[in-house]
Amino acid sequence: MSQSSATRAMLRASHPLPALAVTAVAAGLALGTGRPAAAIAVLAAAVLAGQLSVGWLNDLVDAPRDARVGRPGKPVATGELAPGTVRGGVAAAAAAAVVLSLFSGAAATGAHLAALASAWAYDLGLKSTAVSVLPFAVSFGLLPAFVALGSPGAPLPPVWLTAAAAALGSAAHFVNAVPDLADDAATGVRGLPHRLGPFAGKLLAAVLVLTASALLAVGPAGPPAPLATAAVPLSALVLAAGLLLDRRPRSRAAFRAVMLVAILDVALLLRTGVPTG
């Protein structure tokens, strides 16, 4: 395999879209904390390195299961990448995440490492347990803490912001798991979405993103902005329509509704930022 082909395979194995999305959210939250651009760039690089380590570890651990069900787009499972190469990537990315986090201070580094340890624990076995959602709640909930604790004065983020981030992360778990329930069941994965079933998983994802909408609308101090005022009723309407339409055969209406509200929640999250005063 050529160097360029190997690089593309490593990128695919890293789960690039979620990695970039989480990195963008972290950078967006940091924009309102008074840090210089260079410090925000280092923070974003730390988050990206951590996300790469999580994505590569996930594909490495899941390779035997992915190969068994013939899941496409998995370079380790298809033999495009040697496991040793990916293990090296995990180690290098994890080390980079630690070093880059240190520029945000000891407390912020501790928060980021706790978030990564939670995500790694999911990859290494918690995804097949009844508490599979817990790493998502913990890791996403700690993201505002990593940003806030590295800001001037190292304030803790407000509880409502942590709870909103945790709810969004938990919803992401259910949304991500539902399309793969059949393949996962065939390979012995029995996380919480698998135990609840597809409809209950979609319903719980809807409840979680609606909860995030409410927290982000009422949590910040001062009068709510027009977007925040409209967020909860608009989210409820979109989710109700999605769940009703989802009763049709092979419908993905609920999935799309949850994703739309999640995008709205991220917009609210970025608009709110991390309070530092």
Side-chain angles (χ1 to χ4, degrees), residues 15 17-22 25 51 54-55 58-59 61-62 65-66 69 71 115 118-144 162-216 231-232 234-269:
H15 298 222
L17 290 180
L20 290 173
V22 174
V25 169
Q51 291 301 302
V54 172
N58 183 278
D59 261 32
V61 172
D62 283 355
R65 289 192 289 262
D66 291 337
V69 296
R71 187 170 290 170
S118 170
W120 294 331
Y122 173 83
D123 289 344
L124 293 171
L126 285 183
K127 73 178 296 180
S128 296
T129 70
V131 294
S132 62
V133 70
L134 185 60
F136 283 80
V138 171
S139 295
F140 278 78
L142 284 169
L143 187 61
T162 298
L168 268 174
S170 300
H173 175 47
F174 289 98
V175 167
N176 185 59
V178 166
D180 296 327
L181 289 181
D183 283 352
D184 287 343
T187 56
V189 175
R190 288 273 297 157
L192 185 58
H194 311 81
R195 297 164 193 255
L196 294 177
F199 181 77
K202 294 170 188 174
L203 180 61
L204 190 49
V207 170
L208 287 164
V209 291
L210 185 60
T211 299
S213 297
L215 288 167
L216 292 166
V232 176
L234 178 61
S235 297
L237 182 63
V238 169
L239 293 167
L243 288 169
L244 285 173
L245 292 172
D246 199 66
R247 300 177 67 179
R248 297 177 300 178
R250 298 184 180 180
S251 173
R252 291 175 61 82
F255 174 84
R256 294 189 179 101
V258 170
M259 290 301 297
L260 281 172
V261 175
I263 291 169
L264 172 63
D265 288 345
V266 169
L268 283 172
L269 183 65

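Excluded from the calculations below are hydrogen atoms, water molecules and symmetry mates; all remaining heavy atoms, backbone and side chain alike, are included. Numbers here are sequence positions counted from 1.
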A254 and L243 have their tightest heavy-atom pair at CB-CD2, 4.0 Å
Could you work out, with salt bridge (Lys or Arg N to Asp or Glu O under 4.0 Å) as the rule, every residue matching D59, not counting sequence neighbours? K74
List for me each residue that meets side-chain contact (heavy atoms from CB on, under 4.5 Å) alongside A119, sequence neighbours excluded, and say none if there are none. V54, S139
Can a donor-acceptor pair be found, under 3.5 Å and without considering hydrogens, that links the side chain of R256 to the backbone of G242? no
Report the residues that fulfil side-chain contact (heavy atoms from CB on, under 4.5 Å) with I263, sequence neighbours left out, ordered by chain and then residue number. none
For residues A115 and L142, report the shortest heavy-atom separation together with the two atoms involved. N-CD1, 3.5 Å
List the steps, then state whether side-chain contact (heavy atoms from CB on, under 4.5 Å) holds for L134 with L126. CA-CA 9 Å; L134 185 60; L126 285 183; 5.8 Å; no
Specify the closest pair of heavy atoms between L210 and A236, including all atoms of both residues, with the distance to one decimal. CD1-N, 3.8 Å
Using the ring-ring contact (aromatic ring centres under 6.0 Å, His included) criterion, which residues pair with F140? Sequence neighbours excluded. none
Got a second to check how far Y122's OH is from T129's OG1, nearest 0.5 Å? 9.0 Å
Heavy atoms of A212 and A164 approach each other most closely as CB-O, 3.8 Å
Find out whether K127 and V61 are in side-chain contact, i.e. whether some heavy atom of one side chain is under 4.5 Å from a heavy atom of the other. no
Would you name the heavy atoms of H173 and S132 that are closest together and state the gap between them? NE2-OG, 2.9 Å
What distance separates S213 OG from L269 CG, expressed to the nearest 0.5 Å? 11.0 Å
For V261 against S235, the heavy-atom pair lying closest together: CG1-OG, 3.5 Å
Atom pair CG/CG of L268 and L168 - distance to nearest 0.5 Å: 9.5 Å
Do L239 and V258 have side chains that get closer than 4.5 Å, going by heavy atoms? yes
Which residues pass the salt bridge (Lys or Arg N to Asp or Glu O under 4.0 Å) test with D66, sequence neighbours left out? R71
Table please: side-chain donor-acceptor pairs of residues 197-209 below 3.5 Å, with sequence neighbours left out.
from: K202; atom 1: NZ; to: D246; atom 2: OD2; distance (Å): 2.9

